[in-house]
Number of protein chains: 2
Amino acid sequence: MPTRSAPTDDRRAPLTRERVLRAAIDLADTAGLGALTMRSLAQALEVQPMALYHHLPNKDAILDGVVDLVFGEIDRPEPGGAWREELERRARSARRVLGRHPWAVVLLESRRSPGPATLQSHEAVLATLRAAGFSVAMAAHAYAVLDAFVYGFAVQEASLPFNADTAPEVAAAMMRDFPVDAYPALTEFATEHVFRPGYDFGDEFEYGLDLILDGLERVPLA
Amino acid sequence: MPTRSAPTDDRRAPLTRERVLRAAIDLADTAGLGALTMRSLAQALEVQPMALYHHLPNKDAILDGVVDLVFGEIDRPEPGGAWREELERRARSARRVLGRHPWAVVLLESRRSPGPATLQSHEAVLATLRAAGFSVAMAAHAYAVLDAFVYGFAVQEASLPFNADTAPEVAAAMMRDFPVDAYPALTEFATEHVFRPGYDFGDEFEYGLDLILDGLERVPLA
DNA sequence: ACCTGAACACCGTTCAAGT
DNA sequence: ACCTGAACACCGTTCAAGT
């Protein structure tokens with residue numbers, strides 16, 4: 001180990017594109033996307049705001065870069081492997097990564113200039129499907145339905161006002177002034193299922209993923 | 001008809017919550033979500049920015065209100081009807097509405113305080129599933145996978161940099177400096193399918209919707 | 001080559017005031 | 001009751017300058 005303090009004194013390391021993007025992700029993870037401003041990012045890096053513009057052209061480029069790093073965290077399927085297992089692994093990884101970076105969910109699918117990690121991710125999925133015998137048209141169908149589900153689920157999960165642990169308190173608060181008569185099915189749904197101890201919305205992910213993969217398995221590949 | 005000019009001189013009508021929200025939707029439809037600021041909204045209503053605060057507490061409340069109006073545009077399924085047809089109709093309607101208001105896609109599932117139209121929408125879906133014999137647990141599965149797909153698809157569609165008409169030009173521009181060797185599956189996918197005349201990403205919606213509804217039909221309701 | 005300081009044209013929002 | 005004017009504490013970004 002040449003330098004023992006590499007991880008701690010990197011506030012003094014020279015600014016690089018990489019360091020700026022990593023700091024941006026840290027900031028969004030801890031304080032949310034709204035707290036990610038050029039000024040707060042500069043402060044986190046102990047530098048003046050204008051120093052950032054020397055490494056990235058503008059804030060949009062920072063968001064593009066950050067999205068590509070997040071895409072890079074998602075496991076890629078192995079072309080040539082069993083397609084169902086490989087796509088399952090990728091889907092679960094995507095959900096896990098987006099769980100770590102909930103602020104990234106709205107960014108991921110809305111950026112217009114994909115970076116290399118994003119392209120490699122798409123490449124790996126398509127190559128896996130083609131290697132398994134899917135026609136180009138069927139691969140398009142499969143990818144569209146799978147990705148819509150994975151991202152849609154991540155959006156819903158990221159916006160839940162509670163998790164499995166905090167559900168009881170949130171439930172009590174919501175029910176206090178909820179017009180139960182106007183929404184009987186919703187009330188039944190909440191009181192008898194969603195807010196019961198043991199219910200975890202996250203479990204719906206595996207159900208939906210299986211349903212979609214079952215459907216893709218049943219259909220002719222060409 | 002008591003007043004012949006009701007639709008045209010409503011710039012002079014008194015400000016109401018309703019008028020503010022309608023103007024906000026118009027502004028976002030024509031100029032995007034980024035152009036929706038308190039100041040631009042006030043200008044569209046020919047009023048000073050601070051006048052808005054008399055009808056809505058803050059910008060967040062405007063976004064909440066706008067989301068609820070958009071939810072209100074989505075057809076609700078009829079409980080007691082054939083569940084598959086009813087949910088299909090709702091899903092198609094949701095996609096159409098989100099196509100009209102692409103800026104709303106990122107807002108719809110990320111707001112924390114649902115309005116009455118949002119609650120009625122959820123109520124109608126759950127009531128339809130329950131009336132068709134789905135158990136509460138199965139209704140939760142069905143709703144989660146369907147909604148994740150519908151919103152996820154809308155997100156993807158809203159962020160496509162092209163539509164069926166403009167695809168050829170966009171394709172040519174993208175291919176000019178695309179590293180085809182690094183992404184062979186992606187290149188094949190683009191040149192032999194997605195950018196071919198006649199391909200419409202929107203058609204993937206019907207494929208995925210059918211696949212999911214087929215899956216739900218096959219599964220026991222309880 | 002890399003960073004800074006001051007400024008510009010924006011934000012959402014508060015507060016005190018007008019009618 | 002409803003709207004306004006001026007101000008505050010923020011934004012992203014440009015431009016000219018420092019080392």
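In what follows, chains carry the letters A, B, and so on, assigned in the order in which the sequence lines appear, proteins first and then strands, with residues in each chain numbered from 1. A quick note: this is a predicted structure, and the numbers were derived from the prediction, not measured.
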Enquirer: Does A:R92 pair with A:E206 as a salt bridge, N-O distance under 4.0 Å?
Expert: yes
Enquirer: Could you please name the partner base of D:dG12, counting Watson-Crick and G-U wobble pairs only when both distances are under 3.5 Å?
Expert: C:dC8
Enquirer: Can you check the B:D60 CG to C:dC11 C1' distance for me, whole Å?
Expert: 15 Å
Enquirer: Can you tell me which nucleotide in D:dT13, D:dC3, C:dT14 comes closest to the side chain of A:M50?
Expert: D:dT13
Enquirer: Under 4.0 Å between a side-chain nitrogen and a carboxylate oxygen: does that hold for A:D60 and A:R112?
Expert: no
Enquirer: Any luck finding a side-chain donor-acceptor pair between A:T118 and A:S121 under 3.5 Å?
Expert: no
Enquirer: Is the distance from OP1 or OP2 of C:dT13 to the nearest side-chain N or O of B:Y53 less than 4.0 Å?
Expert: yes
Enquirer: Rounding to a whole Å, what distance do you find between A:H55:NE2 and C:dC3:P?
Expert: 5 Å
Enquirer: More 5' along DNA chain C: B:R39 or A:V47, using each one's nearest nucleotide?
Expert: A:V47
Enquirer: Which nucleotide, D:dA1, D:dG5, D:dC11, lies nearest any side-chain atom of B:H54?
Expert: D:dA1
Enquirer: Just how far, in rounded Å, is P of C:dC3 from CG of A:L56?
Expert: 13 Å
Enquirer: Whole-Å distance between D:dG5 C1' and B:M38 CE?
Expert: 16 Å
Enquirer: With A:R90 as reference, evaluate A:T128, A:D75, A:D147 under the side chain to side chain donor-acceptor pair (under 3.5 Å) test and give the passing residue.
Expert: A:D147
Enquirer: B:L63 CG to C:dT13 P: how many Å, rounded?
Expert: 10 Å
Enquirer: Between D:dC11 atom P and A:L27 atom CG, what is the distance in whole Å?
Expert: 11 Å
Enquirer: Taking CD from A:Q48 and P from C:dC3, how many angstroms apart are they, rounded to a whole number?
Expert: 12 Å
Enquirer: Given C:dC3, D:dC3, D:dT13, which nucleotide is nearest the side-chain atoms of A:K59?
Expert: D:dT13
Enquirer: Which one is paired to C:dA1, where only Watson-Crick or G-U wobble pairs with both distances under 3.5 angstrom count?
Expert: D:dT19
Enquirer: Given A:H55 and A:E18, is the side-chain hydrogen bond (donor to acceptor under 3.5 Å, both in side chains) satisfied, shown in steps?
Expert: CA-CA 9 Å; A:H55 300 92; A:E18 178 81 8; over 6 Å; no
Enquirer: To the nearest angstrom, how far is A:Q43 atom CD from C:dC3 atom C1'?
Expert: 17 Å
